2 protein chains.
Amino acid sequence: MDNNSISRIRIKDIARLAGVSAGTVDRVLHKRGEVSDSTRKKILEIIEKMDYQPDILASALAARKPFRIAALIPHGTGESPFWKYPLAGIEEALNEIAHFGVSVDRYFFDYEDPDSFVRSSRKMLTHSPQGVILAPVCTGESASLLEECNDYGIPVVLINANICTGSCIAFIGQDSVQSGMVAARLMHYGLKDDADVLIINFTREKGNQEHILKREEGFRKYYRNFSTESDSRLIQLNISESASQQPDKILEDSLLSDPDRFGGIFVTNSRVFRVAAFLEKKGLEKPILIGYDLLQESKEFMIKGTIDFLISQKPREQGYKSVMTLYHHLVLRKQVGRTQYVPIDIITKENLEHYTFT
Amino acid sequence: MDNNSISRIRIKDIARLAGVSAGTVDRVLHKRGEVSDSTRKKILEIIEKMDYQPDILASALAARKPFRIAALIPHGTGESPFWKYPLAGIEEALNEIAHFGVSVDRYFFDYEDPDSFVRSSRKMLTHSPQGVILAPVCTGESASLLEECNDYGIPVVLINANICTGSCIAFIGQDSVQSGMVAARLMHYGLKDDADVLIINFTREKGNQEHILKREEGFRKYYRNFSTESDSRLIQLNISESASQQPDKILEDSLLSDPDRFGGIFVTNSRVFRVAAFLEKKGLEKPILIGYDLLQESKEFMIKGTIDFLISQKPREQGYKSVMTLYHHLVLRKQVGRTQYVPIDIITKENLEHYTFT
DNA sequence: AAAAACTCCGTGTACGTACACGAAAATACA
DNA sequence: TGTATTTTCGTGTACGTACACGGAGTTTTT
């Protein structure tokens with residue numbers, strides 16, 4: 001029943017069956033040339049027939065070649081601390097597979113600054129990693145990088161956001177449209193049909209906005225399923241995060257003119273804590289507030305009850321999975337899932353504690 | 001920065017530093033006796049000082065001793081298919097660590113039949129496994145088994161349910177009280193303060209009922225936090241699953257006498273699909289329905305909207321973690337977390353798809 | 001005082017793979 | 001035909017640990 005390591009076929013066995021030495025088999029396995037076509041063919045046949053699986057323990061031990069993975073992600077400080085969580089997941093994965101010689105070099109860049117992305121990616125490429133974890137926040141630049149990695153034969157795993165070129169081995173992230181529908185479901189379930197809902201997008205000049213758009217799309221899609229005119233009850237508000245504008249000012253204009261109008265507010269990203277802070281400061285009657293990501297800042301507002309629900313993108317799991325995917329590809333040489341959606345977790349005050357490390 | 005396998009200290013190095021041969025160090029490491037106290041002490045000091053970490057790859061390769069883990073769990077067929085999911089998680093973990101010679105033997109028993117538990121556990125013990133995964137459904141019998149394993153020095157991991165003896169290395173499961181609070185939160189959020197709620201416990205003559213009690217406790221606790229008299233709005237209904245009674249009959253008595261009384265129903269385990277089936281059959285005005293576990297049976301009712309929310313116990317993750325915990329303990333010889341709570345996942349129609357394999 | 005038993009420890013080989021080195025065979029070139 | 005070159009392949013060692021075997025030295029037994 002168990003086909004694990006007990007008495008599996010070895011290189012030696014193949015060599016014996018083919019009437020050659022182990023070295024020759026090794027050359028065939030590693031395409032290290034200088035083997036006559038006839039023997040190569042014979043060996044490959046035997047490998048096929050006996051379903052030879054290399055012993056990765058012995059392999060890793062003998063090779064002792066380090067697998068260097070590069071992670072190119074925004075730094076998790078300042079405005080969007082989101083990215084420190086994938087990093088934690090990366091560490092976690094590393095702990096489990098460090099014996100195989102896997103290491104991860106981290107290259108950070110600034111969310112808002114495509115130049116810093118390019119600089120970091122240049123630096124990364126000079127270290128010629130065997131695999132890359134890429135957060136394609138800067139869409140255009142990321143696409144070029146992807147091409148380049150493709151030319152060098154470096155496998156790339158996309159994390160968190162997807163860009164639709166085929167030249168990556170996997171995408172790990174969330175189904176954004178669907179997550180918007182989950183948010184809408186929660187909103188509608190608590191609010192029923194009798195109030196307007198404000199959708200707030202904190203936008204950025206630069207950087208990938210796909211997430212935000214798809215989340216809003218999913219949110220609206222859910223509402224449309226109930227009534228055609230319900231769409232008109234969803235009011236959109238875009239707030240630019242660039243310094244030139246005052247977020248609080250805009251919120252004030254929208255919310256204070258008719259304080260009771262909105263029964264619910266849906267914030268399409270992690271900046272939901274900003275809205276929560278505003279609501280608290282102004283002492284407004286509390287609308288239902290739903291947003292994204294269990295950041296430390298938002299956590300406090302959840303405990304106090306200002307934020308009702310958060311959708312988690314499972315950032316830690318994303319980091320974990322991205323390393324593991326490259327490990328499976330590089331070390332175990334196994335097929336990996338092309339699109340790996342992480343679950344759409346609903347966080348609320350009551351289950352928050354058990355998500356602290358997710 | 002990276003302390004992974006590159007140029008780590010080896011047995012040879014320790015031997016050289018201690019002025020002995022590698023064999024002696026090996027004897028000290030494995031307590032295989034016949035080493036003078038003085039040299040043993042010296043070697044241990046060096047090991048300590050240099051923070052020697054054995055190379056588990058080389059270790060596993062050289063030893064080639066299989067690690068046999070036994071999983072003693074109810075079979076996942078018939079009434080409660082729950083247990084097939086942990087099994088899937090066990091397989092998944094196995095896939096990742098089979099190269100280390102880890103194998104899992106599965107021993108099944110009948111939830112309701114303590115005798116079958118004892119039979120299975122006897123059989124298991126005759127195969128003297130190096131580690132045990134135990135679902136302590138039969139409380140008393142499990143406690144004795146735990147003692148016995150303790151005597152034999154076999155580490156045990158408890159899965160899903162906890163029994164409060166100290167002689168296991170880890171418990172993996174859910175915080176049941178807290179999960180009840182999550183359910184209550186969802187109920188209260190959708191129902192506000194204006195309706196009675198029915199709490200249905202599907203009970204069994206035998207087997208561990210802790211879960212159910214704690215879930216109800218958490219549910220009530222949440223409601224008490226809002227008003228002291230709210231507790232009186234929570235009506236409890238116990239339905240025995242034994243054949244002698246007719247579940248549907250009891251439901252009929254409770255629900256049909258005053259069809260509009262209950263705005264919500266909370267079922268404290270996976271049998272929520274039974275209630276959903278009943279509601280559909282009778283064509284009752286749909287109350288909010290919340291239960292546990294994403295079983296195939298319940299899934300269909302979620303999609304149709306009869307069941308509003310399910311709390312997932314993440315059974316697959318429980319299985320996965322239990323194997324991994326024993327792997328860390330047995331193979332890596334690392335410290336493992338004593339109590340490993342799995343997250344309290346909220347499943348709804350909209351995020352259901354991404355939980356299919358959790 | 002020789003034999004036996006026991007304590008302490010070094011040596012050697014195995015685990016399965018990777019890879020360097022160089023020998024033998026095949027081919028090319030003169 | 002002899003030499004140079006290339007193709008093809010076998011041998012040996014290394015990776016770090018586990019463990020069996022047995023040698024040298026010491027103590028006990030007869």
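Here is the naming used below: chain letters follow the sequence lines, and residue numbers restart at 1 for every chain. Here the structure is a predicted model, which means the values were calculated and not measured.
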With sugar-phosphate meaning primed atoms plus P, OP1 and OP2, does Ile11(A) contact a base, only sugar-phosphate, or nothing at under 4.0 Å between heavy atoms? sugar-phosphate
Checking side-chain polar atoms at under 3.5 Å, does Tyr85(A) have a donor or acceptor matched by the opposite partner on Gln313(A)? no
Could you tell me whether the phosphate oxygens of dT17(D), OP1 or OP2, come under 4.0 Å of any side-chain nitrogen or oxygen in Ser59(B)? no
Could you report the tightest heavy-atom contact between Ile172(B) and Thr325(B), atom names first, then the distance? CD1-OG1, 3.6 Å
Could you check whether the side chain of Arg27(A) and the base of dG10(D) have a donor-acceptor pair of N or O atoms closer than 3.5 Å, going by distance alone? yes
Distance check needed: dT7(D) P versus Asp37(A) CG, whole Å only. 13 Å
Does a side-chain N or O from Thr24(A) land closer than 4.0 Å to OP1 or OP2 of dG10(D), or not? yes
Can you tell me if Arg32(B) touches the phosphate of dC19(D), counting only side-chain N or O atoms and a distance under 4.0 Å to OP1 or OP2? yes
What is the distance, to the nearest angstrom, from the CG atom on Asp55(A) to the P atom on dA14(C)? 17 Å
Flag, side chain of Ser121(A) to backbone of Val118(A), donor-acceptor distance under 3.5 Å: yes
Separation of Ile43(A) atom CD1 from dT17(C) atom P, in whole Å? 14 Å
Nearest-angstrom distance from the residue atom CG of Asp26(B) to P of dG12(C): 16 Å
How long is the line joining CD of Glu34(A) and P of dA24(C), in whole Å? 19 Å
Let's see if you can work this out: which of dC9(D), dC15(C), dC19(C) has an atom nearest to the side-chain heavy atoms of Ala62(B)? dC15(C)
Could you give the CZ-to-P distance, from Arg10(B) to dA14(D), as a whole number of Å? 11 Å
Closest-nucleotide mapping onto DNA chain C: is Gly19(B) or Ile56(A) further toward the 5' terminus? I mean the 5' end. Gly19(B)
In whole angstrom, give the distance that lies between atom CZ of Arg8(B) and atom P of dG16(D). 9 Å
Without decimals, in angstroms, what is the distance between Arg64(B) CZ and dA20(D) C1'? 19 Å
Write down the atom of Pro74(A), the atom of Trp83(A), and the distance for their closest heavy-atom approach. O-CB, 3.3 Å
Between Thr39(B) and dC8(C), is there a contact of a side-chain N or O with OP1 or OP2 at under 4.0 Å? no
Return the nearest nucleotide to the side chain of Ala63(B); candidates are dG16(D), dC9(D), dA18(D). dA18(D)
Considering just the side-chain nitrogens and oxygens of Ser36(B), establish if one lies under 4.0 Å of OP1 or OP2 belonging to dT7(C). no
Presence of Tyr52(B) side-chain N/O under 4.0 Å of dT17(D) phosphate oxygens OP1/OP2: yes
Using ring centroids (six-membered ring only for Trp), state whether Phe67(B) and Phe100(B) fall under 6.0 Å. no
